[in-house]
Amino acid sequence: MEQWTIKKLLDWMVDYFQAKAIDSARLSAEMLISSVLGMKRIELYMHFDKVVAPDKLARLRELVKRCIANEPVQYLVGSCEFYSMTIKISPDCLVPRPETELLVERAIEFLRNHAPSQSVCDLCTGSGCVAIAIASGCKDAKIIATDICDKALAVAAENLARHDLQNRVELLCGDLFQPVIAELNGEPFALITVNPPYVTTSEMESLEDNVRKYEPALALHGGVEGLDIYCRIIAGVDPHLKSGGALIMEIGCAQGDAIKQMLKSTGIFKEIKVEKDFSNNDRIVTAIKK
Ligand code: GLN
């Protein structure tokens, strides 16, 4: 009988994924094989001639089918890399995007350079990826992370345990600042971060299949213009942010001007900056309170 070694399997899957126009064919194949075999990706290359057992082949066949039906490979393996950390994810939370690492970078820079206080609130935390990356980058940061979806928070709780951050990140379920109010004793945050849902109603229709069919609409859809959640955050932020504190938000590529205007009209910010991502799209807004 024909034997499937790791090398043969990897070559076959890469070719097949390329033929089916799957993004990052080699990475996807490596992620699936290493997950099923319980090996690191690098180890696949060190054990090229290892023969793959029939039960593992059957499991992989199943995953390959789902992958070519556009199910995100990160959901299939249940984790992804974000800010050089392994983050558990499920279909209850968004797959963290590389652009969101820029939000984390700005947050860490702010805490390191400007804030004597290291109290942080991360809204719409989902898998907790932003809160966890900030906590690991700033050892004194104390973070409250909120989300309206308790299933997403269950994933975030697993991530906190995995990274041993339960003592520095507190998870609260509820709508934006609502669960924070009772916790705070009137002490506002030095930094508020958020990657809210910001996809417009019409964009929701034209998202790639892997996003539209599999990622949670609750984490993506931000109303007709994609601005609904920003409106509510900006309207409610004042009592929660210290003087000199920062609100740092991820935004959609066409939302820079509108959000800058919304922030300006509150009259509470002394500095508002819109920054582009590596694709030259508006992506991160930093607003510093007077
Ligand atoms: N960047 C994501 C996408 O384009 C959307 C993330 C979000 O709405 N926060 O799919």
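Counting starts at 1 for both ligands and their atoms, in listed order.
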Next item on the list: Quick one: look up the protein heavy atom nearest atom 8 (O) of ligand 1 and list residue, atom name and how far away it is.
Entry: Tyr198 N, 3.1 Å

Notebook entry, point to check: Regarding Lys289 and the six-membered ring of Phe269, is the cationic atom NZ or CZ under 6.0 Å from the ring centre and inside 45° of its axis?
Noted result: no

Check: Nearest to atom 3 (C) of ligand 1, what protein heavy atom do you find, and at what distance?
Finding: Arg97 NH2, 3.6 Å

Check: Going by the order shown, which atoms of ligand 1 are within less than 4.0 Å of some heavy atom of Pro197?
Finding: 8 (O)

Margin query: Please determine whether a side-chain nitrogen of the Lys or Arg among Arg283 and Glu101 lies less than 4.0 Å from a carboxylate oxygen of the Asp or Glu.
Written below: no

Check: Could Asp55 and Arg59 be called an ion pair, given the rule that one side-chain N must be under 4.0 Å from one carboxylate O?
Finding: no

Next item on the list: Taking only heavy atoms of Asn195 into account, list the atoms of ligand 1 that are under 4.0 Å away from them.
Entry: 7 (C), 9 (N)

Check: Do ligand 1 and Arg283 have nitrogen or oxygen atoms that lie under 3.5 Å from each other?
Finding: no

Check: Is Lys276 salt-bridged to Asp282, cutoff N-O under 4.0 Å?
Finding: yes

Checklist line | Short N-O contact, Asp257 and Lys260, less than 4.0 angstrom | finding: no

Notebook entry, point to check: Has Cys124 got any heavy atom lying under 4.0 angstrom from an atom of ligand 1?
Noted result: no

Next item on the list: Apply side chain to side chain contact (heavy atoms under 4.5 Å, CB included) to Glu170 and Ile143, showing your working.
Entry: CA-CA 6 Å; Glu170 183 182 1; Ile143 304 178; over 6 Å; no

Note to self: I'd like to check atom 1 (N) of ligand 1 in this structure: does the protein have a heavy atom lying under 4.0 Å from it?
What the structure shows: yes

Notebook entry, point to check: Should the proximity of Leu94 to ligand 1, defined as any heavy atom under 4.0 Å, be assigned to the side chain, the backbone, both, or neither?
Noted result: side chain

Next item on the list: With salt bridge (charged side-chain N to carboxylate O under 4.0 Å, His left out) as the test, would you mind laying out the steps for Lys242 and Glu187 before giving the verdict?
Entry: CA-CA 8 Å; Lys242 270 187 178 13; Glu187 191 53 40; 2.9 Å; yes

Next item on the list: Say whether Val211, considering both its backbone and side-chain N or O atoms, lies within less than 3.5 Å of an N or O atom on ligand 1.
Entry: no

Note to self: If you count every heavy atom of other residues, nucleotides or ligands that lies below 6.0 Å from Lys50 atom NZ, does the total exceed 12?
What the structure shows: no

Notebook entry, point to check: Which protein heavy atom lies closest to atom 9 (N) of ligand 1, and at what distance to 0.1 Å?
Noted result: Pro196 O, 2.7 Å

Check: Quick one: which ligand 1 atoms are inside 4.0 Å of a heavy atom on Leu220?
Finding: 5 (C), 8 (O), 10 (O)

